[in-house]
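Every chain is numbered from 1 and lettered A, B, ... according to where its sequence line falls, protein lines coming before strand lines. Nothing here was measured: the structure is a model prediction, and the numbers come from that model.
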Amino acid sequence: MDFIKGLNAQQREAVSHTEGPLLILAGAGSGKTRVITHRIAHIITARHIPPSAILAVTFTNKAANEMRERVAALLEDVPLESSPAVSTFHSFCVRLLRRDGDPLARIRPGFTRRFSIYDDEDQLGLIKAAYRGLGLDEKEFMQYRAALSRISHAKNVKETPQDLYKKAVNKENEALAALYEEYEKALRTANALDFDDLLLEAVRLLRHDEATREAWNRRLSYVMIDEYQDTNRSQYELMRLLSDSHKNVCVVGDEDQSIYSWRGADIRNILDFERDFPNSKTIRLEQNYRSTKNILAAAGAVVENNKARKGKKLWTEAADGDTIGLYAAYDAENEALFIADTIEKYMVVNPGDHVAVLYRTNSQSRQIEEALRRYGRKYNIVGGFSFYQRAEIKDIVAYLKLAASNVDSVSLLRVINTPARGIGRTTVEQIEKYAREHGINLWDAVERIIDDQHLSTRSQSALVLFRNLIQELSLVASSSSLADLIRHILDRTGYRRMLQQEKTPESETRLENLEELINAAAESAERGDTISDFLDHAALVADADAYDEQAPITLMTLHNAKGLEFPVVFLSGMELGLFPHSRSMDSEAALEEERRLCYVGMTRARKRLFLTWARFRRRFGGGEQERSTPSWFLSEVPAHLIQNLGVTDEPGEVNLIAERHDVRQSARRNTYTGKTYNSIENISQFFSEKGLPVNSLKTPPQVPPAPFSRPAAPNKPLTQAAPPVRKPARTGMTVEHPKYGTGTVVRREGDGDDAKITVNFPRFGLKKLVEKYAGLKRS
DNA sequence: TGATTGTTTGCTCCA
DNA sequence: CAAACAATCA
């Protein structure tokens, strides 16, 4: 088996150089995924290394799944008893802490493996409580998010609240230190870890617990890290700890594509690699296989304006290709229509090609969506408001977390009065005050306040009901399935009744979302997941994981587009203040990052690249249109590469199809509302792409213990359990549902286990069901 | 005291 | 165009 054939000289070198530290500087489109997958296959076959001794870390779950599948495809004919561990940093750390985290309790008192994971909304809840506790006001002090980002930064550079106190030079610094202290205390009393902690605590565990570290060092002999330019300090330390004994660490990255410094990514990790690993080898992949000469030249010309870079020159054997299209729209609406119109025309000629519309901020998607809908085009949107961020989902998940761990204060505050049960603001404030004064968590405070009985009778009884409810839920949680637990929550908390009484289209959607949550829970359980697996997965799904490469049109932010490629790319909103973003314009470093972001966006394109901006744009939903200035990045593209596609000084000056009367008429009749990728239809997909589980180090070393022991292609397991043979429901068929009674099938999507059918029940209206779990009978 | 209704306010990017 | 907040109602 030869995994070196078909590669260029540099790629070949990168694949075959397996021992010792290796830095691969891989330019955009230089075949880096190919190199990583071939390298893994090569190590396994040529060096006879068991796959489980290889760890590859990627940036998203999606990329991890893809990599696993590609390696499996390469090794199709090789009998293997395990598969390589491919994972993101965060999911790796969560699994490490959940399974082998016990020793951490010695170093970090209070830690248990049942910790909750707090996302940024939860963090916001904590910081608000900390403000309240310290009597701080967001308007007078600083914005919650600003405080959070300062705290996160401190954590990542290993500064404690005490360190901040010591170097504080004014009241504001001191207040921040106090906030930080409060915030950390709250995390610990709630037994919760934020996203920073997941990495930090994993590092702490490996650093201070020799047994765990040595076990991992014995297990792994090769570590590979993708998107290395976007790793932060803890990820760097994690890499060092995991490759401590063998030093076979291979990192792949491109300093020109470092776009996450605001999240703690430290570009020095890649710039200093050669210094950190003195006997390392560096290989540059500079041949681009993706884009035309023109696109590459344009992108290169932009990023050349950056000073902080190693400098590398991408080249290609591809043809010049088309010039870069530039369009100056009158306003955002016109820009969106231009994009939709150009796509429409392009699709006629190249029906199979996929298009990406990229933007800097999520809010820009709205108008583009609207334009595409007017053209009746299907589109997918990645990011924005995802399933797990919806209020109703977060509410139920909060109940689940609370049932699993009643010390989870953020979840408690979230649902203590949702649905309204008579526990109002003042009562909650009393609970918080009590907890603070006695140094206990909110749950204990609730119990003690009930015992003390110094609330009004009304509040007292409301609180008792709530306490009993949660106690009942934790009891149910220990004895029934996750799906049943969710159903129980919906019934017993009155959540379902609350939504049913509303009877608005929104409440209908919410109910459907909750049904989908139950379906996802059932599917998750069927794969053998525990409740905690389910909650972890919900916490760690990334927006980018929802990207569907089959989608003809995809809308997403530039950040989400990292690592992807498309025949046609639109870069929209190229205006000062928007891109580069106003908050990144006052520092040189931030501006350079915006420029790298621009470079990332441009290099996603294979054949056609369009840059658009709007001369007028309104900043808020309602406000006035404001005049805008074209982005500096536009003028950094050499003029000879640009083709001007029009400048409109008046709305509607350019003759778009959508401006024609007949198209408007038909658009009005067209009720198609696009396809939102974060819609409920895709939730089961999120779950089916679950990463492979890590075996605990505690498991006895019986049969070759693959650390990631599932078959390499999770979607097509070799030993697929034969599904119960059931006639698929067809459109028009009358079926019977255990709860909704009889109804008519109106639509059917997908097939096999994923088949979803929409059924019209006379009494309950349209319901979308996963056929496999709906328990339908023909009637 | 808690629930509901009106009013104001203010956009990064994300695991 | 939302969520967050203040003001009002029950």
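Side-chain proximity of A:H559 to B:dT1, B:dA3, B:dC13: nearest is B:dC13. Picking from C:dC5, B:dC13, B:dA15 the nucleotide with the shortest atom distance to the side chain of A:Y144 gives C:dC5. Picking from B:dA15, B:dC13, C:dA4 the nucleotide with the shortest atom distance to the side chain of A:K128 gives C:dA4. Taking every side-chain heavy atom of A:S459 into account, B:dT1 is the closest of B:dA3, B:dT1, B:dA15. Side-chain proximity of A:R366 to the nucleotides B:dT1, C:dC1, B:dA15 is greatest for C:dC1. When distances run from any side-chain atom of A:R583 to the nucleotides B:dA15, B:dC11, B:dC13, the shortest one goes to B:dC11. The side chain of A:S584 lies closest to B:dT12 when the candidates are B:dA15, B:dC13, B:dT12. For A:R360, taking side-chain heavy atoms from C-beta onward, the closest of the listed nucleotides B:dG2, B:dA3, B:dT12 is B:dT12. Comparing B:dC11, C:dA2, B:dC13 by their closest approach to the side chain of A:S363 singles out B:dC11.
Ionic pairing of A:R268 and A:D266 is present here: one or more N-O contacts between side-chain nitrogen and carboxylate oxygen are shorter than 4.0 angstrom. Using a 4.0 Å cut-off between a side-chain N of Lys or Arg and a carboxylate O of Asp or Glu, A:E184 and A:K155 qualify as a salt bridge.
Listed by chain and number, the residues in a side-chain contact (heavy atoms from CB on, under 4.5 Å) with A:R240 are A:Y236, A:D276, A:F277 (sequence neighbours excluded).
Residue contacts for A:D119: at a heavy-atom cut-off of 4.0 Å it reaches no nucleic acid atom on any strand shown. Across all strands, A:S456 comes closer than 4.0 Å to no nucleic acid atom at all (heavy-atom distances). The residue A:R619 sits close to a base: some heavy atom pair falls under 4.0 Å. Contacts of A:Q143 with the nucleic acid, taken as non-hydrogen atoms under 4.0 Å apart, involve only primed sugar atoms and P, OP1 or OP2. In this structure, A:T427 reaches the sugar-phosphate backbone alone: every heavy-atom distance under 4.0 Å involves primed, P, OP1 or OP2 atoms, never a base.
Residue A:D536 contributes atom CG, which lies 16 Å from atom P of B:dA15 at whole-angstrom precision. Taking atom CZ of residue A:F387 and atom P of nucleotide B:dA15, one finds them 17 Å apart after rounding to whole Å. At whole-Å resolution of the value, CE in A:M585 and C1' in B:dT12 are 14 Å apart.
When each of A:K139 and A:Q123 is assigned the nucleotide of DNA chain B bearing its nearest heavy atom, the one mapping closer to the 5' terminus is A:K139. Residue order along DNA chain B, read from the 5' end via each residue's closest nucleotide, puts A:G422 first among A:W262 and A:G422.
In this structure, A:Y118 has its ring center no closer than 6.0 Å to that of A:Y183. The distance between the ring centers of A:H581 and A:W262 does not fall below 6.0 angstrom.
Nucleotides C:dA4 and B:dC13 place their C1' atoms 23 Å apart, quoted to the nearest Å. Using C1' as the reference atom, C:dA6 and B:dC11 are 23 Å apart when rounded to the nearest Å.
Both geometric conditions, a ring-centre gap below 5.5 Å and a plane tilt below 30°, are not fulfilled together for A:Y260 over the base of B:dC14. The aromatic ring of A:H581 is stacked on the base of B:dT12, with the two ring centres less than 5.5 Å apart and the planes inclined by under 30°.
Between A:N362 and B:dC13 there is a side-chain N or O to OP1 or OP2 distance below 4.0 Å.
Looking only at atom types and distance, the side chain of A:R68 has a donor-acceptor partner in the side chain of A:N65 under 3.5 Å away.
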